[in-house]
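Here's the structure we're looking at; comments come further down.
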Amino acid sequence: MESIINRIIQLLRIKNPLAAKKLLNNLPYFDNRHNEFTQYYLGNYIRYLEHSGLTIDFGVNCYVKLLNDMMWQRAQFIESGRYCNDSFISVDRAVYDNKSVMEYHMHGLLLAQFLWPDQYQRFTFFYDHLRNYRPVKNYLEIGAGHGLYISAARELLTDAEQFDLVDVSATSLNLSKALLENKSIFFHHRDIFDFAPNYQYDFITIGEVIEHLEEPMKMLNRIMALLKDDGTVYLTTPVNAPMIDHIYLFSTIDEIRTLIGKSGFVIKEESTAISENIDYTKALELKIPIMYAAFIKKAIKQT
Ligand SMILES: C[S@@+](CC[C@H](N)C(=O)[O-])C[C@H]1O[C@@H](n2cnc3c(N)ncnc32)[C@H](O)[C@@H]1O
């Protein structure tokens with residue numbers, strides 16, 4: 001049977017030849033589990049598409065739209081040195097609450113997890129290290145988007161009793177609900193600042209969300225309140241990565257580390273990946289996106 005990656009490359013050759021070439025060039029940078037992960041997670045995604053009367057062709061169209069948006073956003077960013085958006089309310093209206101935009105954006109982002117080496121590294125870092133932070137009884141994901149991370153957590157944390165997913169976007173929530181069918185997850189269509197459970201969590205995942213806020217520190221404060229004292233957070237956020245829904249610009253990795261420290265957390269393990277094959281200094285100079293991911297804990301427990 002033809003691999004999903006090969007099928008995607010074939011479709012990209014027609015729809016966006018440059019993206020097909022880039023993906024082919026990137027293939028050597030994936031590890032030897034990449035095909036297995038892609039077949040499993042994107043295989044599940046393709047089954048969902050087929051159930052909805054669609055095919056992977058739809059997913060690749062969404063991915064191409066995401067790439068086009070990124071190109072435009074990047075041109076603006078390089079010219080102005082800023083992200084285009086400066087308010088959560090306007091992003092909520094234009095993206096999270098706009099079904100057609102949010103749909104292609106989330107489908108495109110799900111494919112990107114397996115097509116971009118930096119995003120794939122963000123996923124495998126989570127996958128390989130999550131179990132080091134057991135026991136986990138209560139698990140929360142904030143802004144799950146396409147639901148890939150909570151899907152993996154549901155499989156890895158076999159002793160966990162409660163999985164909660166909170167997302168402000170109905171489109172995201174519906175996509176993750178459909179992809180996570182029968183996985184005993186509680187879905188909450190809520191802004192995390194309005195979510196008030198009567199218990200705290202052992203583990204919270206928040207991937208690619210704090211850059212969507214005007215003040216990321218407020219999100220870290222919210223997480224501090226939702227997390228048990230000995231709990232762990234998996235946090236990821238990018239540097240210099242303009243997107244249609246990004247507001248807060250981190251210009252260096254040290255800015256993220258400083259924010260984590262100032263919010264009362266300590267970094268236990270971290271991972272970074274540059275989205276192009278260049279070094280960190282060059283990436284900063286050219287404002288090329290850099291992925292940052294970390295497992296963090298409350299500082300109070302470190303004494
Ligand atoms: C870029 S997606 C991240 C998807 C996924 N977590 C990942 O790591 O790839 C951001 C998600 O965060 C959600 N989001 C943004 N602000 C939020 C908030 N204040 N409360 C809950 N969800 C939020 C958006 O609706 C969207 O689904």
Side-chain angles (χ1 to χ4, degrees), residues 41-42 45 62-63 66 69-70 73 83 85 87-99 101-116 118-127 130 139-153 163-180 185 187-197 204-223 225-226 233-238 241-248 271 273 275 289 291-294:
Y41 287 106
L42 290 189
Y45 168 65
C62 293
Y63 177 66
L66 175 102
D69 282 351
M70 282 173 67
Q73 292 284 330
Y83 289 165
N85 299 300
S87 94
F88 178 83
I89 291 176
S90 61
V91 173
D92 191 28
R93 199 176 305 128
V95 185
Y96 308 144
D97 207 21
N98 182 333
K99 187 171 181 284
V101 174
M102 194 60 178
E103 192 170 69
Y104 79 70
H105 191 57
M106 280 306 111
H107 284 250
L109 209 61
L110 176 59
L111 290 198
Q113 305 310 301
F114 300 96
L115 305 187
W116 302 349
D118 56 320
Q119 290 302 299
Y120 177 70
Q121 182 173 318
R122 185 169 75 90
F123 176 68
T124 52
F125 181 56
F126 173 79
Y127 194 93
L130 175 63
Y139 180 100
L140 167 69
E141 179 157 358
I142 302 169
H146 40 70
L148 173 68
Y149 282 80
I150 198 166
S151 173
F163 286 85
D164 286 321
L165 184 164
V166 176
D167 203 299
V168 74
S169 162
T171 308
S172 280
L173 206 82
N174 288 338
L175 176 63
S176 37
K177 242 185 205 170
L179 287 170
L180 296 163
I185 291 168
F187 294 90
H188 309 267
H189 180 207
R190 216 62 72 71
D191 186 318
I192 191 63
F193 293 100
D194 302 326
F195 178 66
I204 299 178
T205 294
I206 176 156
E208 311 297 270
V209 178
I210 65 169
E211 70 280 8
H212 294 235
L213 303 168
E214 290 148 35
E215 294 175 78
M217 173 80 96
K218 282 194 181 158
M219 181 64 92
L220 286 163
N221 293 342
R222 183 80 199 107
I223 291 173
L226 290 166
V233 180
Y234 183 65
L235 176 138
T236 79
T237 191
M243 283 271 199
I244 54 169
D245 47 3
H246 289 183
I247 297 173
Y248 191 90
S271 173
S275 62
M291 180 288 295
Y292 178 81

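Not measured: the values here are computed from a predicted model. Atoms within each ligand, like the ligands themselves, are counted from 1 in listed order. Throughout, residue positions are numbered sequentially from 1 according to the sequence presented. Note that these values count all heavy atoms, side chains included, but never hydrogens, waters or copies made by symmetry.
Considering backbone and side-chain N/O of Gly207, one or more are found under 3.5 Å from N/O of ligand 1. The N/O atoms of Gly143, backbone and side chain alike, include one that comes under 3.5 Å of an N/O atom in ligand 1. Taking distance alone, with nitrogen or oxygen atoms compared against 3.5 Å, Thr236 stays at or beyond that limit from ligand 1. Ligand 1 has a nitrogen or oxygen under 3.5 angstrom from a nitrogen or oxygen of Ser172. Close N/O approach between Asp191 and ligand 1 is found [any backbone or side-chain N/O within under 3.5 Å].
Donor-acceptor pairing under 3.5 Å is lacking for the side chains of Tyr96 and Asp167. Between the side chains of Tyr248 and Thr237, no donor N or O sits under 3.5 Å from an acceptor N or O. For the residue pair Glu208 and Thr236, a side-chain donor N or O sits within less than 3.5 Å of a side-chain acceptor on the partner.
Only the side chain of Glu141 comes within 4.0 Å of ligand 1, counting heavy atoms alone; its backbone N, CA, C and O stay farther away. Within the 4.0 Å heavy-atom criterion, neither part of Thr205 lies near ligand 1. For Ser169, heavy-atom contacts with ligand 1 shorter than 4.0 Å involve the backbone as well as the side chain. The parts of Val168 lying near ligand 1 are both backbone and side chain, judged by heavy-atom distances below 4.0 Å.
Remark: ligand 1 atoms within the under-4.0 Å shell around heavy atoms of Met102 are 25 (O), 26 (C), 27 (O). Distances below 4.0 Å separate heavy atoms of His212 from the following atoms of ligand 1: 1 (C), 10 (C). Residue Ala144 approaches ligand 1 through these ligand atoms, each under 4.0 Å from one of its heavy atoms: 4 (C), 5 (C), 6 (N).
From the protein, the heavy atom lying nearest to atom 24 (C) of ligand 1 is Asp167 OD1, 3.4 Å.
In terms of heavy-atom proximity, Val209 sits nearest to Gly143 at CG2-O, 3.8 Å.
Under the 30°/60° scheme for interplanar angles, the aromatic rings of His212 and His246 are found to stand perpendicular. Ring pair Phe114/Tyr41 is parallel by interplanar angle, where below 30° counts as parallel and above 60° as perpendicular.
A side-chain donor-acceptor contact under 3.5 Å links Glu214 to the backbone of Phe88.
In Phe126, the CZ atom is crowded: over 12 heavy atoms of neighbouring residues, nucleotides or ligands sit closer than 6.0 Å.
Proximity of Met106 to ligand 1 is established by a heavy-atom distance of less than 4.0 Å. Every heavy atom of Phe195 sits 4.0 Å or more from the atoms of ligand 1.
Within the 4.5 Å cutoff, the side chain of Pro197 has heavy atoms near those of the Leu226 side chain. Looking only at side-chain heavy atoms (C-beta outward), His146 and Tyr45 stay at 4.5 Å or farther from each other.
Nearest to atom 7 (C) of ligand 1 by heavy-atom distance, out of Arg122, Met243, Gln113, is Arg122. Residue His146 holds the heavy atom nearest to atom 9 (O) of ligand 1 of all those in His146, Gln119, Met219.
Separation of the Phe123 and Tyr149 ring centroids falls under the 6.0 Å cut-off.
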